[in-house]
2 protein chains.
Amino acid sequence: MNLDATFAALADPTRRAILARLALGETSVTDLAKPFAMTMPAVSRHLKVLERAGLIARSREAQWRPCRIEPRALKAVDEWLNDYRRFYDESFDRLDVYLKKLQAGKSDTKAPHAKDKRHGGKK
Amino acid sequence: MNLDATFAALADPTRRAILARLALGETSVTDLAKPFAMTMPAVSRHLKVLERAGLIARSREAQWRPCRIEPRALKAVDEWLNDYRRFYDESFDRLDVYLKKLQAGKSDTKAPHAKDKRHGGKK
DNA sequence: CGGTTAAATAACGAGATGGTTAAATACCAG
DNA sequence: CTGGTATTTAACCATCTCGTTATTTAACCG
């Protein structure tokens, strides 16, 4: 939604680490704070930044406030990238065309020119 | 390469607008500055931020310093997103599996389960 | 109630950011 | 060398950011 806030939130390594942790599953603030050499208030504010950026959401469970990943902002970043993929993803055009053909119901017996790194990039 | 710098650079709307302009083609600093209600030094520094973030590159042509998009950092952002696509892109897993099969040299005569929005996402 | 735990808020300071104006640099053309 | 154009650098200022410590809110438990 608000790319300014989203990119700004993602610019901090602590916040990206928090997201990486949340990718493993919902958890509490204290638990999120453990790996970091900083006080709880600092983590608490990082979470607020992530929340206002649309990157996480928080619920309430007794005195805990479990956090989870919120897809909206991530999707917005991905969509913003759409206008630029052609600059770095050589397989973009070819693959796009190929998928469109498949969707049109036309089954192609020939595989696309081999190395389509996209999505497969485990590296 | 350095996601901190890259995301920070992308957090500014002026800088994203500059990138959008550069997506149309290489151009000069003065030309890039025209749409903005700010002085040249300000634009010049935005360009420096983009350059240090690996988002643009600059060459020299007489007294002009044409800028162009540099794919590295954009690709890094896209790759960072890989760990999170499953949260917002429902077709991710299915398509990934399908591409792996193709890369394995196995030509599938059956199209994947129809609606793969990815890449075709023209809205 | 009083005590404990989880988390947020307040107030503060060092350093980064984003703009300004004024001056410097780099190149081309007489 | 002189002048003109394109761009960067320097110095400065207001505001934001990220950390701190101290305090406060909220919910549970005996």
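Numbers restart at 1 for each chain; the letters A, B, ... are given by sequence-line order, proteins then strands. Computed from a predicted structure; not experimentally measured.
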Note to self: Side-chain N or O of A:R15 versus OP1/OP2 of D:dC18: is the shortest distance under 4.0 Å?
What the structure shows: yes
Check: Of all the choices, C:dT20, D:dT21, C:dT9, which nucleotide is nearest to the side chain of B:P41 once you look at every atom?
Finding: C:dT20
Note to self: Using whole Å, what does the distance between atom C1' of nucleotide C:dA26 and atom CZ of B:R58 come to?
What the structure shows: 14 Å
Note to self: Without decimals, in angstroms, what is the distance between B:Q63 CD and D:dG3 C1'?
What the structure shows: 13 Å
Item checked: Atom pair distance, as rounded to whole Å: CG in A:D12 and P in C:dT17 -> 12 Å
Checklist line | Contacts of B:E79 that satisfy side chain to side chain donor-acceptor pair (under 3.5 Å) - sequence neighbours left out | finding: none
Checklist line | Interatomic distance where CE belongs to A:M40 and P belongs to D:dA26 [whole Å] | finding: 17 Å
Check: What integer distance in Å separates B:W64:CH2 from C:dT25:C1'?
Finding: 16 Å
Note to self: For a quick test of reading the model: is some side-chain N or O of B:R60 closer than 4.0 Å to OP1 or OP2 of C:dA26?
What the structure shows: no
Item checked: Residue met sooner reading DNA chain D from 5', once A:A42 and B:P66 are mapped to nucleotides -> B:P66
Next item on the list: Work out which heavy atom in B:A23 is nearest to a heavy atom in A:Y84; give both atom names and the distance.
Entry: CB-CE2, 3.9 Å
Item checked: Closest non-hydrogen atom pair between A:R72 and A:G54, with its separation -> NH2-CA, 3.6 Å
Checklist line | Point-to-point distance, once rounded to the nearest 0.5 Å, from CG of A:L74 to CG of A:L19 | finding: 6.5 Å
Item checked: Spacing of A:F7 atom CZ relative to C:dT17 atom P, expressed in whole Å -> 17 Å
Checklist line | Length of the line joining A:K48:NZ and C:dA8:C1', which is rounded to integer Å | finding: 7 Å
Next item on the list: Using a strict 4.0 Å threshold on nitrogen-to-oxygen distance, state whether A:R85 and B:D78 make a salt bridge.
Entry: yes
Check: Checking all strands, does B:R45 fall into the base, sugar-phosphate, or nothing category for heavy-atom contacts under 4.0 angstrom?
Finding: base
Notebook entry, point to check: Counting only side-chain N and O atoms of A:H46, is one of them less than 4.0 Å from OP1 or OP2 of D:dG19?
Noted result: yes
Note to self: What is the separation between atom CG on A:D4 and atom P on C:dG18, rounded to the nearest whole Å?
What the structure shows: 10 Å
Margin query: Over all strands shown, is B:A62 touching base, sugar-phosphate only, or nothing at heavy-atom distances under 4.0 angstrom?
Written below: sugar-phosphate
Next item on the list: Please tell me which of the listed nucleotides, D:dT8, C:dA26, C:dA8, lies nearest to the side chain of B:V29?
Entry: D:dT8
Notebook entry, point to check: Between B:D31 and A:M38, which has a closest nucleotide on DNA chain D that is more 5'?
Noted result: B:D31
